[in-house]
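Quick caveat, the model's predicted, so the values are computed rather than measured. Every chain is numbered from 1, with letters handed out A, B, ... down the list of sequences.
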2 protein chains.
Amino acid sequence: MKDVASVAGVALKTVSRVVNGEPGVNPATAERVREAITRLGYSRNESARVLRRGRTSTVGLVIEDVADPFYSTLSRAVEDVAISRGCLLLSGSSSEEPARERELVLTFCARRVDGLIVVPAGEDHSFLRPELEAGTPAVFVDRPPGPGLDVDTVLCDNAGGARLATRHLLSHGHRRIAFLGDRPSIFTAARRLHGYRDTMGRLFDERLVSMRVPSPEGVRADLDRMLALDEPPTALFTGNGRLTVTALRALAGRPMALIGFDDFELADLLRPGVTVVAQDPFGMGRIAAELLFRRLSGESGPAEHLRLPVRIVPRGSGELPP
Amino acid sequence: MKDVASVAGVALKTVSRVVNGEPGVNPATAERVREAITRLGYSRNESARVLRRGRTSTVGLVIEDVADPFYSTLSRAVEDVAISRGCLLLSGSSSEEPARERELVLTFCARRVDGLIVVPAGEDHSFLRPELEAGTPAVFVDRPPGPGLDVDTVLCDNAGGARLATRHLLSHGHRRIAFLGDRPSIFTAARRLHGYRDTMGRLFDERLVSMRVPSPEGVRADLDRMLALDEPPTALFTGNGRLTVTALRALAGRPMALIGFDDFELADLLRPGVTVVAQDPFGMGRIAAELLFRRLSGESGPAEHLRLPVRIVPRGSGELPP
DNA sequence: GAACGTATAGACAACGTTGTCACACCATAT
DNA sequence: ATATGGTGTGACAACGTTGTCTATACGTTC
């Protein structure tokens, strides 16, 4: 900028004015400055600007894994909102590791992001408190923060979705319905188990429940164990998209009524089509981002806790008879 | 930092030394400083650090769409490499729009990213020249830059993969093989068409070629047109993952030999399983990122042009007889 | 006891912007 | 002729770091 100023024969401040489109510059002078800018290939140093102005126009996004379609869709929605507000996205995958989540969040804060959108992995987010008090707003998505942190959250109706799915299978005549979920420490897994258990009532049988890391071997073993029972399950409710796919592979064509939580591409092309409880990851990301930007534009008030509806999409697998 | 210094009763510089783990500070003093830091909840302002030191420890990634599994996988690989080098990722989706690509790249440069990884959408990247000359290294992935820009590229063997697929179908007795590709302006689409055409030789019939935006309606119309020919195709070669899925939906169960370029989740669960030419998006991202970091650590030399191999994964659909 | 080396600490400038204030100039009103 | 006001421009400080240079205190060596 200094160079531009000396080439154009004006003061630093005048160049600054031209670059920022501030009024009060003679059109002829402005033109001279613009010429100098293109001649030198100058581009403003945002770091210095940030330092001076205090706003980075950057939003931090922490998700579990960008490579997971659910989170990549959410990510895209957040990005679209951010771009429309002139912000860029600094993003990172926590890989479901609390330590990495913490590190990402703190690194983002050290870079003074204007706001944070977090899909939490850990259970303790006290490390965020100083940042929140310092005025960096945060929105939690898909899962709530650990105890003692009152912050905006955007969740889906996990228990309600599980009830829907379980009722759907019950209404098609199933009584032995198995549930395959992720580790119970994961909020969504616990809530979905809750909805399932709730709806099963006296039909609940803990031998038909598996909560574990969704590895092909583990899922296969658990399924085999259940199918070897005296009264084996006639239907399966899988607690997330990855588990649904893993279970489908483990079943290897053996017919079994199945409903999965989370929709996924090609669910309609399988035979039978896979009935799912669909959430809207794009909408979730968009709503979270919009909420964050409302906070950034100064909206105060108590933390909002949104719960987005889910819907059942019948495609065949959930309508199979026992 | 100033506050920390006054609380600890030391000079600014001493705090800086402690924060950066520089030697030459009395352990007792360092302890006092650390106490003040935790008491005040101080965290270093990276913007100021960046301004002073000139390095942002940030890499910019421009892809077509994070929500596309191919690019989200690539993105994750880049992120992993970046994190392992202590860098963060600033990422954006171009939506296949040259203007947005340009804007993203220039915004990243204004923020002084240390390096760029770009999946280009446009054909003209002259806007990058000043940045390259200013020393910001860039690696192009999946597609090469526009003419006149000699920069590192990591591509896959598009034409070779198309030849593999076409030969595979020919060897299974097909003579009427249709090709469904994206718009010919897209590099990968053009290269794949080339490989297909090449291998078809005298069997090539342009009525069996469709190059278009992968919309369900358009693909369906083109397929219907081909199937209504006197000598309709007995096999289909689809030019990318999205087209494969769109074509499978358009075929709606009508059996037809099919090979798709790009692997996708669940290809093995469809009946018949979908034979694909698989690239390795994770490997592509990793290699591109590693190349970028080699440049960042000062490696000079002529631009590298890597071409990663592809392999055919037979799953049934590509082995159907005519 | 003078000269020197080492460990620790601080003063100060600089990075590239932008906000505040002041100045010079000209046109118009008194 | 002098006051008033707007317009265009510039000087300067500040944002929060870090690199360079210097100062002090203390111990060691000749």
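Cation-pi contact between A/Arg143 and A/Phe187: absent, since separation from the ring centre below 6.0 Å together with deviation from the ring axis within 45° is not met.
Taking the charged nitrogens against the carboxylate oxygens, A/Arg294 and A/Glu299 do have a contact shorter than 4.0 Å, which makes a salt bridge.
Looking only at atom types and distance, the side chain of A/Asp114 has a donor-acceptor partner in the side chain of A/Thr56 under 3.5 Å away.
Looking only at side-chain heavy atoms (C-beta outward), B/Cys156 and B/Arg307 stay at 4.5 Å or farther from each other. Residues A/His305 and A/Asp150 meet the side-chain proximity criterion, which asks for heavy atoms closer than 4.5 Å.
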What's touching nucleotides 19-28 of chain C from the protein side, N or O pairs under 3.5 Å?
residue: C/dG19; atom: N7; partner: A/Lys13; partner atom: NZ; Å: 2.7

Distances under 3.5 Å between protein N/O atoms and the N/O atoms of nucleotides 4-6 of chain C, please, pair by pair.
none

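Remark: the backbone N or O of B/Glu97 is not paired with any side-chain donor or acceptor of B/Ser95 at under 3.5 angstrom. A distance-only check finds a donor-acceptor pair linking the side chain of A/Glu101 to the backbone of A/Gly122 [under 3.5 Å]. In this structure, the side chain of B/Asp152 engages the main chain of B/Glu304 through a donor-acceptor pair within 3.5 Å. Judged by distance alone, the side chain of B/Thr73 and the main-chain N or O of B/Pro69 form a donor-acceptor pair under 3.5 Å. With A/Thr107 contributing its side chain and A/Glu103 its backbone, the two residues share a donor-acceptor pair below 3.5 Å.
Across all strands shown, B/Ser47 has no heavy atoms under 4.0 Å from either base or sugar-phosphate atoms.
Protein chain A contacts DNA chain D from D/dG8 to D/dG16, reading 5' to 3' and using non-hydrogen atoms of the protein with a distance under 4.0 Å.
Residue-to-nucleotide proximity on DNA chain C shows that, of A/Val19 and B/Val25, the 5′-proximal contact is made by B/Val25. Along DNA chain D, the nucleotide nearest to B/Arg44 and the one nearest to A/Arg32 differ in position, and the one closer to the 5' end is contacted by A/Arg32.
Here B/Thr14 does not reach the OP1 or OP2 of C/dA9: none of its side-chain N or O atoms lies under 4.0 Å away.
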